[in-house]
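Reading through the structure tokens given below for one structure.
Each chain gets a letter, A, B and so on, in the order its sequence line appears, and its residues count up from 1.
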Amino acid sequence: MSNPFLKQVFNKDKTFRPKRKFEPGTQRFELHKKAQASLNAGLDLKLAVQLPPGEELSDWVAVHVVDFFNRINLIYGTIGEGCTEQSCPVMSGGPKYEYRWQDEHQFRKPTALSAPRYMDLLMDWVEVQINDEGLFPTHVGTPFPKNFLQVVKKILSRLFRVFVHVYIHHFDRIAQLGSEAHVNTCYKHFYYFVREFGLIDTKELEPLKEMTARMCH
Amino acid sequence: MEDPVAPGVGSSSANSNGNGGGKGKQAAPKGREAFRSQRRESEGSVDCPTLEFEYGDADGHAAELSELYSYTENLEFTTNRRCFEEDFKTQVQGKEWLELEEDAQKAYVMGLLDRLEVVSRERRLKVARAVLYLAQGTFGECDSEVDVLHWSRYNCFLLYQMGTFSAFLELLHMEIDNSQACSSALRKPAISIADSTELRVLLSVMYLLVENIRLERETDSCRWRTARETFRTELSFSMHNEEPFALLLFSMVTKFCSGLSPHFPIKKVLLLLWKVVMFTLGGFERLQVLKVQKRAELGLPPLAEDSIQVVKSMRAASPPSYTLDLGESQLAPPPSKLRGRRGSRRQLLTKQDSLDIYNERDLFKTEEPATEEEEDSAGDGERTLDGELDLLEQDPLVPPPPSQASLSAERVAFPKGLPWAPKVRQKDIEHFLEMSRNKFIGFTLGQDTDTLVGLPRPIHESVKTLKQHKYISIADVQIKNEEDLEKCPMSLGEEVVPETPCEILYQGMLYSLPQYMIALLKILLAAAPTSKAKTDSINILADVLPEEMPITVLQSMKLGIDVNRHKEIIVKSISALLLLLLKHFKLNHIYQFEYVSQHLVFANCIPLILKFFNQNILSYITAKNSISILDYPCCTIQDLPELTTESLEAGDNNQFCWRNLFSCINLLRLLNKLTKWKHSRTMMLVVFKSAPILKRALKVKQAMLQLYVLKLLKIQTKYLGRQWRKSNMKTMSAIYQKVRHRMNDDWAYGNDIDARPWDFQAEECTLRANIEAFNSRRYDKPQDSEFSPVDNCLQSVLGQRLDLPEDFHYSYELWLEREVFSQPICWEELLQSH
């Protein structure tokens, strides 16, 4: 992410436009930037995400998406008690970024929601996608749909937002629980994976850019 | 076993624990007030102090003795004493019992036993009471509770050696068949303790003999040890061609439940039955020894850990929260400490690497890091004291800090980090290979787990790791043997079955086993605190209710406590008995275990236990249904003061009720035994919505209880859905931290609600077929073999003599209705084999 070229791209296209003025005082939002503890399983996650020879790309991606979904769901679960309508009335990633929800049902237009509500909808939505036999076939031999990677990109971008919110707003809780290393490892794994296959637009990765640069070499 | 209080040593503690030497009763000074206030503060919230409870076969000796008596019976202590003193005066002049030489004592006991054979019921009862007084410790001549317990034990050994037990056994037989008592009890509108006087005296003597002789102490003389072993053998094996003693008691239980003998003092029967089974088959430590032996015999590798020790060294987790406003102050330690703590934790984490790594290398090599950890934990010494355990316990990977003493040899053997070594079943490896082969080479090789041709490297590694952790249980070997024996009955010949006490008990129980289980569960249901008194349920209170109902408020308060205590003791004995039976049968033969557990399941044991837990379990565990001044042996030493509200509560500063916590753990273990590896029974847990019930039980901060709750939650997590998992991360972490890991088990992630079909009927039927094959192969007499000719001559068939039970005429009409009239007659079937 230290690529100056990417930065340019970013500045042009700001979906999450940084607000000009925001209270810089709260130390809380900065906490996550110091995150670095990680589990050392004796394997290089960067290599681990690469497509093994002879393996089909869609298979590989599908397995990872399901795995990440489960793990991220649990990570949000660990801090869930602290993420309430009161503490996080708006789903955001720090004072700079705000996320809105949109789906095919109730919220056809992007709508600002509280973080817990947003997370609920997000997780439910991902679960529906993953349980859709048409999208994620479970039987060997059934082909993946043509738009598979497109859907996956959307799923992963949305899951990334969970990381953003957890890191920026609830890192204190993570540290308190002593689960920093677990969350970091999961994040690294996730990050290397989406980078390996270019599954998330760089602009979505912006909120955690600084932290990522420090953590993922 | 238990913690005996040696005579002369424990006098101070015995005085402070009014309740009489129960375990875990060393509450802080002023403990009760402190605890009360703690409770008050935490009412409605989630907090409860960690309970210093030590699980074992039974409570302390004194507590186990005191539970034999209900408070209504207290007057009888003096009656017994009077009976003894009257008799003693006529035989011995100028001396007291304790002043006699041993020979004189023996001579007197001989005389007593002779007089036990008189025809007059009344005189016989008096003599029996005199014997009971001896067994109770001739308390009239004692000054302290410790003395009473000491002489009770001494007298019991003496009584046993003089043949008291067999004499009482005969009397018991007579009394069980006493139809007069039966019919008078059946006619009465309300039964009271007066209806069971004889039985209660007999059972009490037998209980005291069993309980006192069962108890092992370092200081026991050689003669006592021999006597103990003789008694054990006598109880385990049939004497004089009779059934083992436990069976007689089982038959009393069923008789009581069928309503034919409502006057049986069921609590005493159950307590005696439990203690006899424990004495003859052995307690939990004996079970562990037997297991190790059996594994060695079968040539299996030794166990990686001693589960009793592992559980002992575990710590309780703070319960999951129910409200969102869990004060931060409660959770967050002061900042300075936090920093220090986090430092050490990070160290632990990095040292520990991760799961994967410790699975792969230095699996059991903990020596080097152990020294470092020791330093850590030495520094941690204080911090464990100042109440910030909560934090520590939320951390899924931090090992439970070893308790002060447990850093010794027993702990070193475990892989660090997690309390249990992961296990893999042969089936798991087969399943994994089948999946991999299907994917990479397109066909499967059945049970071949060695051929890895065509599979990529990572799969090789996985298989290697799985095999490293492979665990073959005794049950696996037994199932395999059974299959072989079934397949080739001729070439393998007759199996040699060692005549262990357990085997003999099973043989005896086999034919009425369903009835025994149903009876036990019926009583358990009636004794459960959540069950409402129904007209059709059995009356289990016959042996607490006094002849005349209480008049004053205090008296009825006392009776209320007595009734609750009575029920608690019944739950305790049934839960402990069932668990012990299941564990012993499982070790003896897996299909014996399956037979018992299937009958428990069919008799609705699973919903029954869940129903039991569907109460405020914290208040059940902290319930105070005891009056310590009325407990034996205290009540025999002190003059009974006038009952007041104060004396009802006096002298009890227990943090919790040992027996209730014990029962809860037993019931949870039972539930685990029934559901483990049984998909359809696990689904019953889901269907009966056990998760919220179990989760509530986590409020009790006791590591062992929590472990068994977590196990039950773990097996159903897959089916509870993502939402549940997300909002129960604390519970999930606790599961991860405390429950054994199974490799490749996706319990925390799996989403396969529909993946596995759930066919209760089919699964249980397959199991049942296996059990029946086992039972008929091993226990059916060969006379009824398929080669014998069929008798189809009407006259000779009708002329056959059938041995009917004596009480058959009672249920004859019911039998006719059920077995004859309601069965369709298929004449064709008669032509086929029987």
Report summary line: Between the OG1 atom in Thr78(A) and the CG atom in Asn728(B), the distance rounded to the nearest 0.5 Å is 12.5 Å
Query raised in the report: Does CD in Gln150(A) sit with more than 12 non-hydrogen atoms of other residues, nucleotides or ligands closer than 6.0 Å?
Result: no
Report summary line: So CD1 of Ile72(A) and NZ of Lys726(B): to nearest 0.5 Å the spacing works out to 13.0 Å
Requested in this report: Kindly write out the residues that satisfy ring pair (Phe, Tyr, Trp, His ring centres under 6.0 Å) with Phe144(A), not counting sequence neighbours, or none if the list is empty.
Outcome: Phe148(A)
Query - Residue part contacting chain B, namely of Glu55(A), when any heavy atom lies under 4.5 Å - result: side chain
Report task. Might you confirm whether atom NE2 of His460(B) has over 12 heavy atoms from other residues, nucleotides or ligands at distances under 6.0 Å? Result -> yes
Query - Heavy atoms from other residues, nucleotides or ligands near NZ of Lys464(B) exceed 12 (cutoff 6.0 Å) - result: no
Requested in this report: Would you please go through residues 118-126 of chain A and name the residues with a non-hydrogen atom below 4.5 Å from one of chain B, in numerical order?
Outcome: Asp120(A), Met123(A), Asp124(A)
Query - Gap between atom CZ of Arg725(B) and atom CG of Leu74(A) - 0.5 Å precision - result: 7.0 Å
